[in-house]
Amino acid sequence: MNAPARINSALNVRDQFPAIANWHYLDSAATAQKPQTVIDAITEAYSRDYATVHRGVYERSASMTASYEAARAAASNLIGGQPNELVFTRGATEAINLVAHTLPKEGRNRVLLSQLEHHSNIVPWQLAGYEVDAVPLTPDGEIDLEAAEAMLTEEHRIVGFAHVSNVLGSILDAGRAAEIAHSKGALLLLDGCQAVPRLDVNIVTLGADFYAFSGHKLYAPTGIGCLWGRAELLAKMPPWQGGGAMIEKVTFEETTFLDPPARFEAGTPHIVGAVGLHAAVDWVEKLSLDAIHAHECALVSECRDALRNVGGVTLYGPEDSAGIVSFNVDGVHAHDTATILDDAGVAVRAGHHCAQPLMDWLSVPATARASFAAHSDSSDIEALVRGIEQVKRIFSA
Ligand code: PMP
């Protein structure tokens, strides 16, 4: 085979990420490294602007509140929504738990998920007492929407699918999924954790009812995430945590609550997390998500070709996966592969990726996963390939 084409970073943003100097970070699907502009926004928020939100009458608190609400507007705008439909959460996990625990079931006690879901989109439904059905995958590792259509019944309250798989990188035809869900009166929740950092998402065009994502995979800090929900659905959902900031009036006899999104944000929120998220949203929008996606697609294709060239490597997922390449070196446990790669200065994730039902479907205990970001380039793939050649040398010795 010919040597694969080398992609030079068209985005040229690597030097904006101080934490990856001299390091091949291929674990952005777990959590993204932060560009300097996000780090600066966080530092300034603490060192210059910090105060509480929604409570203080003094000027600093008012301006911090304005920054917090501006972050909400930016995050909702990123996915084509309105600020009053966007609830800040700790992350996608909390966002999905919120829906699972507060959405009125309206007599429907089943949820339709898929075989590739992250545990965050399985366990909350189980804890909330739903019966779970799981849609199988196509041989390519995509959610089989024909099967979904056949499986969906009027007992299903909600269909919950990953917009992009965190293991296979497969991209859901979300518009079609919405049509299927709505045809039986079910709602569609999309787990957008892996989609938001790399696709230009518009929830209105997609026809989703809920959309969940985490800031930390979008170059923002941990501890801040978003649940977008259609306003009329959020209005029907009761609060799930009580405390300050979500009430209208408290007496010992009765408490009344604020409208969404405040109703779902009990307690002092992650103020600076929201500021960091805003900076991250501005950063990806300036680069353009289309450009990030094109860049990562080129890297995925280069990486898959390079791993095929090495030989003795099994690749999972579709050829056109979004930013993610899962693989195993034949006969070697993924943890051994990742440990040897670590010695070679390459960080990949190894394990079940919080997707044990998907590992069962793949019939493997674990995979290694290389995942790309805007800062990734061909040097990362070259280092990965050198590391895998070393894995093969060690295990054939
Ligand atoms: N869904 C998907 C597809 C993910 O990749 C992740 C994070 N690995 C989650 C949900 C959970 O996100 P968090 O841990 O940030 O809440």
Side-chain angles (χ1 to χ4, degrees), residues 25-34 75 79 87-101 111 113-127 132 134-135 137 141-143 158-172 174 177 188-199 201 208 210-228 264 269-270 273-274 276-277 280 296 316-318 321-326 347-359 361 366-373:
Y25 185 70
L26 291 175
D27 199 16
S28 296
T31 195
Q33 297 291 338
K34 316 306 169 200
I79 57 167
V87 181
F88 279 132
T89 61
R90 283 193 296 125
T93 301
E94 191 174 76
I96 299 172
N97 273 277
L98 197 168
V99 179
H101 288 281
V111 61
L113 308 175
S114 86
Q115 189 77 36
L116 60 66
E117 297 310 313
H118 190 281
H119 298 163
S120 299
N121 193 27
I122 301 173
V123 184
W125 304 106
Q126 293 172 327
L127 290 177
V132 174
V135 177
L137 308 182
E142 283 162 12
I143 300 173
I158 198 154
V159 175
F161 288 159
H163 194 180
V164 169
S165 157
N166 66 311
V167 180
L168 303 174
S170 30
I171 305 174
L172 174 73
L188 177 68
L189 176 142
L190 293 175
D191 170 356
C193 258
Q194 300 295 341
V196 164
R198 44 185 62 86
L199 300 183
V201 173
F210 294 104
Y211 202 91
F213 63 98
S214 294
H216 70 98
K217 295 180 198 274
L218 181 70
Y219 309 99
T222 50
I224 186 88
C226 300
L227 170 69
W228 172 87
F264 303 110
H270 189 1
L277 177 62
E296 292 183 3
Y316 306 101
S321 76
I324 290 169
V325 178
S326 269
V348 297
R349 171 95 188 261
H352 54 62
H353 314 288
C354 299
Q356 287 177 350
L358 176 55
M359 296 300 114
W361 185 81
T367 73
R369 178 187 70 185
S371 53
F372 299 103

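Whatever order the structure lists ligands and atoms in, that order sets their numbers, starting from 1. Because only heavy atoms are used, hydrogens play no part in the values below, and waters and symmetry mates are left out as well, while side chains stay in.
- Near Ser214, meaning under 4.0 Å from one of its heavy atoms, ligand 1 places the atoms 12 (O), 13 (P), 15 (O), 16 (O).
- Each of the atoms 11 (C), 12 (O), 13 (P), 14 (O), 16 (O) of ligand 1 lies under 4.0 Å from some heavy atom of Thr93.
- Counting only heavy atoms of the protein, atom 4 (C) of ligand 1 lies nearest to His118 CD2, 3.4 Å.
- Of the possible donor and acceptor atoms, none in the side chain of Arg369 sits under 3.5 Å from a partner among the backbone N and O of Gly351.
- Scanning Thr222, Asp191, Ile324 for the heavy atom closest to atom 2 (C) of ligand 1 points to Asp191.
- Residue-level proximity to ligand 1 for His353 is absent, since no heavy atom of it falls below 4.0 angstrom.
- The side-chain heavy atoms of Gln33 and Ser28, taken from C-beta on, include no pair separated by under 4.5 Å.
- Asn121 does not count as a contact of ligand 1, since none of its heavy atoms falls under 4.0 Å from the ligand.
- For His119 and His352, the distance between ring centers is under 6.0 angstrom.
- For the pair Pro318 and Ser170, the minimum side-chain heavy-atom distance is below 4.5 Å.
- With hydrogens left out, the protein atom closest to atom 5 (O) of ligand 1 is Gln194 NE2, 2.7 Å, a heavy atom.
- Of the heavy atoms in Ala162, none comes closer than 4.0 Å to ligand 1.
- Between Met359 and Val167, the closest side-chain pair of non-hydrogen atoms falls below 4.5 Å.
- Contact of the Leu277 side chain with the Cys226 side chain is registered, since non-hydrogen atoms from C-beta on lie closer than 4.5 Å.
- Distances shorter than 4.0 angstrom occur between a heavy atom of Lys217 and an atom of ligand 1.
- With rounding to the nearest 0.5 angstrom, the CD1 atom of Ile143 is 4.5 Å from the CG atom of Leu116.
- Numbered from 1 in the order shown, with element, the atoms of ligand 1 that lie under 4.0 Å from a heavy atom of Asn166 read 3 (C), 5 (O).
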